[in-house]
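These numbers come from a predicted model, not from an experiment. So that the names make sense, note that chain A is the first sequence line, chain B the second, and so on, each numbered from 1.
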2 protein chains.
Amino acid sequence: MAKRAYGQFCGLVRALEIVGERWALVIVRDLLVSPKRFSDLRRGLPRIPTNILSARLKELEQAGIVHRRVLPRPSGSVVYELTEYGNELEDIVLRLGRWGARLLTKPGPEEIVTADSMIMAMRSIFRPKAARGLNVTYELRLGEIIIHMIVNNGRLKVAEGALPDADLVIKTGPAIKALIAGEVSPADAIANGTVRLSGDSRLLSRFADTFHI
Amino acid sequence: MAKRAYGQFCGLVRALEIVGERWALVIVRDLLVSPKRFSDLRRGLPRIPTNILSARLKELEQAGIVHRRVLPRPSGSVVYELTEYGNELEDIVLRLGRWGARLLTKPGPEEIVTADSMIMAMRSIFRPKAARGLNVTYELRLGEIIIHMIVNNGRLKVAEGALPDADLVIKTGPAIKALIAGEVSPADAIANGTVRLSGDSRLLSRFADTFHI
DNA sequence: CTGGATCCCTCACGATACTG
DNA sequence: CAGTATCGTGAGGGATCCAG
């Protein structure tokens, strides 16, 4: 038996032996957003050493969670994508993220926000019930990070990048967490300047209702 | 910032910084079954070094997931129990366990099954829908491990120990996984000797339907 | 006996440099 | 761009010891 095994015949233990390794679930998080190349992953995970990224990708591939695919010519480059089995981690990753979000207060001095982490965060706090019958689009800007959400009758699509004709554009920072957690009302968030809008400003409370912890 | 942090302002990362440490979720798994003393945890986790158990309990306590409670006199002993926040990990632990169970084939040479891991496994694969209107009790024996299940109209209680008047007593081993996963039919499991029964044998297929991956 | 603390050793991880 | 190679450090593993 491997030296680092937990020594139990148990589903949870098997799961941890794979995705319990350091960085593994964060890599999965980013791959849940979209397939990525090695350097894409690096960019989204600036603090991961390349040898660790390399090792994790190998392990995840061997475990049948990630598939390494060589793109056809002429690019010939490599992308890593989740297998079907890997994709089944989505719900777990979303729930873990929601659980951990309660511990988010202020970003630490060196802590960054990435597009992928924000996309998954929005997915994790989306409330389909509250979005019944809604048909709205948002663009969300956190510093350099720009993502957009398309809400369509209880369904959500989130992706990176701008959305030129979004109904509401929200410019903000990490303080958006307070809005989403209900610690600050939409009105107050506008008043204290942590959120700036363009478009139909009245949609902000709709937004805060649709995306809520 | 701590040296071992991931450096991202993200709910998933916060979660991993606490329960992503080695052994942490396994400790939580056992505490989800019941509050435990230090030595109870050791017994259920034979391969964990005591200093690690000690360190994890401190970290989990500091993070507000575990509460260290000193029992009143005369025992004066200490129990560790999950806080409300810690208990909210239950669903995640159950799902992770179910996800990882697909990788369970045969137990490795040194791999053991513990009562707590089995209790959580049964919880994780319980299908409330299939148990609608049912009222059955089972006793399950895997070698030394004895647990029992009380199914009551879509609700389940699992606990350690025998249940003298159980409707069905199932004596088996790790091969029970094949039955639960549907890789072996109840009839075959009896035929090939991996399962031995006492009580109302016809209940076995009911069992396999109620507890199923 | 419970509930740890302490020691030493090893290896996984982290930082950085380098290569096809 | 997509990794491999190298090397130092500290968390984890294992055994032992100690206080209440």
Side-chain angles (χ1 to χ4, degrees), chain A residues 1-8 13 16-27 30-31 35-63 66-81 110, chain B residues 1-8 13 16-27 30-31 34-62 66-81 110-112:
Chain A
M1 189 177 44
K3 51 258 116 189
R4 240 172 154 249
Y6 292 86
Q8 303 201 354
V13 163
L16 292 179
E17 280 166 357
I18 299 171
V19 298
E21 294 297 302
R22 195 162 163 71
W23 289 105
L25 270 192
V26 197
I27 294 171
D30 282 12
L31 291 181
K36 288 189 166 52
R37 292 180 304 174
F38 193 89
S39 41
D40 296 332
L41 286 166
R42 271 187 82 176
R43 210 177 345 259
L45 274 21
R47 315 245 316 196
I48 193 174
T50 61
N51 56 345
I52 299 295
L53 177 55
S54 196
R56 288 294 167 275
L57 286 172
K58 276 201 185 70
E59 293 159 15
L60 292 173
E61 187 187 3
Q62 185 155 19
V66 161
H67 177 60
R68 183 181 194 274
R69 185 156 57 93
V70 179
L71 294 177
R73 312 242 29 139
S75 86
S77 64
V78 178
V79 291
Y80 296 90
E81 59 193 354
E110 307 247 330
Chain B
M1 191 174 42
K3 50 256 116 191
R4 240 171 154 249
Y6 291 86
Q8 302 201 355
V13 163
L16 292 178
E17 280 164 359
I18 298 171
V19 298
E21 293 298 303
R22 196 162 163 70
W23 290 105
L25 269 192
V26 196
I27 294 171
D30 282 12
L31 291 181
S34 64
K36 289 189 166 51
R37 291 179 304 175
F38 193 89
S39 40
D40 296 331
L41 287 166
R42 271 186 81 173
R43 200 161 321 126
L45 275 18
R47 316 245 315 195
I48 193 175
T50 61
N51 56 344
I52 300 294
L53 177 54
S54 197
R56 288 296 167 274
L57 286 172
K58 277 201 186 68
E59 293 160 15
L60 292 173
E61 187 187 2
Q62 185 155 21
V66 161
H67 180 210
R68 184 183 195 274
R69 185 156 57 93
V70 179
L71 294 178
R73 311 240 31 139
S75 88
S77 65
V78 179
V79 292
Y80 296 89
E81 58 192 356
E110 307 246 331
E111 284 187 332
I112 63 171

Discussion item. Check for me whether A:Arg68 meets the cation-pi criterion with A:Phe38, that is, NZ or CZ under 6.0 Å from the six-membered ring centre and within 45 degrees of the ring axis.
Written reply: no

Worksheet item: Looking at B:Arg22, does any N or O in its side chain come under 4.0 Å of the phosphate oxygens OP1/OP2 on D:dG13?
Response: yes

Discussion item. Counting only side-chain nitrogens and oxygens, does A:Trp23 get under 4.0 Å of the OP1 or OP2 atom of C:dG14?
Written reply: yes

Discussion item. From CD of A:Glu110 over to P of C:dA15, roughly how many Å is that when rounded to an integer?
Written reply: 11 Å

Discussion item. From CG of B:Leu45 over to P of D:dG12, roughly how many Å is that when rounded to an integer?
Written reply: 14 Å

Discussion item. Given B:Asp40, which partner from the list B:Arg37, B:Lys36, B:Arg42 fulfils the salt bridge (Lys or Arg N to Asp or Glu O under 4.0 Å) test?
Written reply: B:Arg37

For nucleotides 2-4 of chain D, print each protein N/O atom paired with a nucleotide N/O atom at under 3.5 Å, atom names and distance only.
residue : atom : partner : partner atom : Å
D:dA2   : OP2  : A:Ser39 : N            : 3.4
D:dA2   : OP2  : A:Ser39 : OG           : 2.3
D:dG3   : OP1  : A:Arg68 : NH2          : 2.5
D:dG3   : OP1  : A:Tyr80 : OH           : 3.4
D:dG3   : OP2  : A:Tyr80 : OH           : 2.7
D:dT4   : OP1  : A:Lys58 : NZ           : 3.2
D:dT4   : OP2  : A:Ser54 : OG           : 2.5
D:dT4   : OP2  : A:Lys58 : NZ           : 3.2
D:dT4   : O4   : A:Thr50 : OG1          : 2.8

Discussion item. Tell me the interatomic distance from A:Arg47, atom CZ, to C:dT16, atom C1', rounded to whole angstroms.
Written reply: 15 Å

Worksheet entry | Between C1' of D:dC1 and CZ of A:Arg43, the distance in whole Å | 10 Å

Worksheet entry | Nucleotide C:dA12, atom P - distance to OH of A:Tyr6 in whole Å | 13 Å

Discussion item. Please report the distance, rounded to the nearest Å, between NZ in B:Lys36 and P in C:dG4.
Written reply: 16 Å

Fill in: Close side-chain approach of B:Leu45 and A:Gln8, heavy atoms under 4.5 Å
yes

Practice prompt. Ignoring backbone atoms, test whether A:Arg4 places a side-chain nitrogen or oxygen under 4.0 Å from the OP1 or OP2 oxygen of C:dT10.
Written response: no

Discussion item. Any side-chain to backbone donor/acceptor pair from A:Arg22 onto B:Arg22? Under 3.5 Å, distance only.
Written reply: no

Worksheet item: Looking at NZ of B:Lys58 and CG of B:Leu53, how far apart are the two atoms once the value is rounded to the nearest 0.5 Å?
Response: 10.0 Å

Worksheet item: Between atom CD1 in A:Ile52 and atom C1' in D:dT6, what is the gap in whole Å?
Response: 13 Å

Fill in: Contiguous Watson-Crick or G-U pair runs (3 or more, under 3.5 Å) in DNA chain C
C:1-19 with D:2-20

Worksheet item: Does some side-chain heavy atom of B:Ile48 sit less than 4.5 Å from a side-chain heavy atom of B:Ile27?
Response: yes

Practice prompt. Whole angstrom is fine here: how far is it from CZ in B:Arg56 over to P in C:dG4?
Written response: 15 Å

Worksheet entry | B:Tyr6 side chain reached by A:Arg47 side chain, heavy atoms, under 4.5 Å | no

Discussion item. If I compare all heavy atoms of B:Glu17 with all of B:Gly7, which pair ends up nearest, and what's the gap?
Written reply: OE2-N, 4.4 Å

Fill in: Validation row: A:Leu41, A:Leu57 side chains within 4.5 angstrom (heavy atoms)
yes

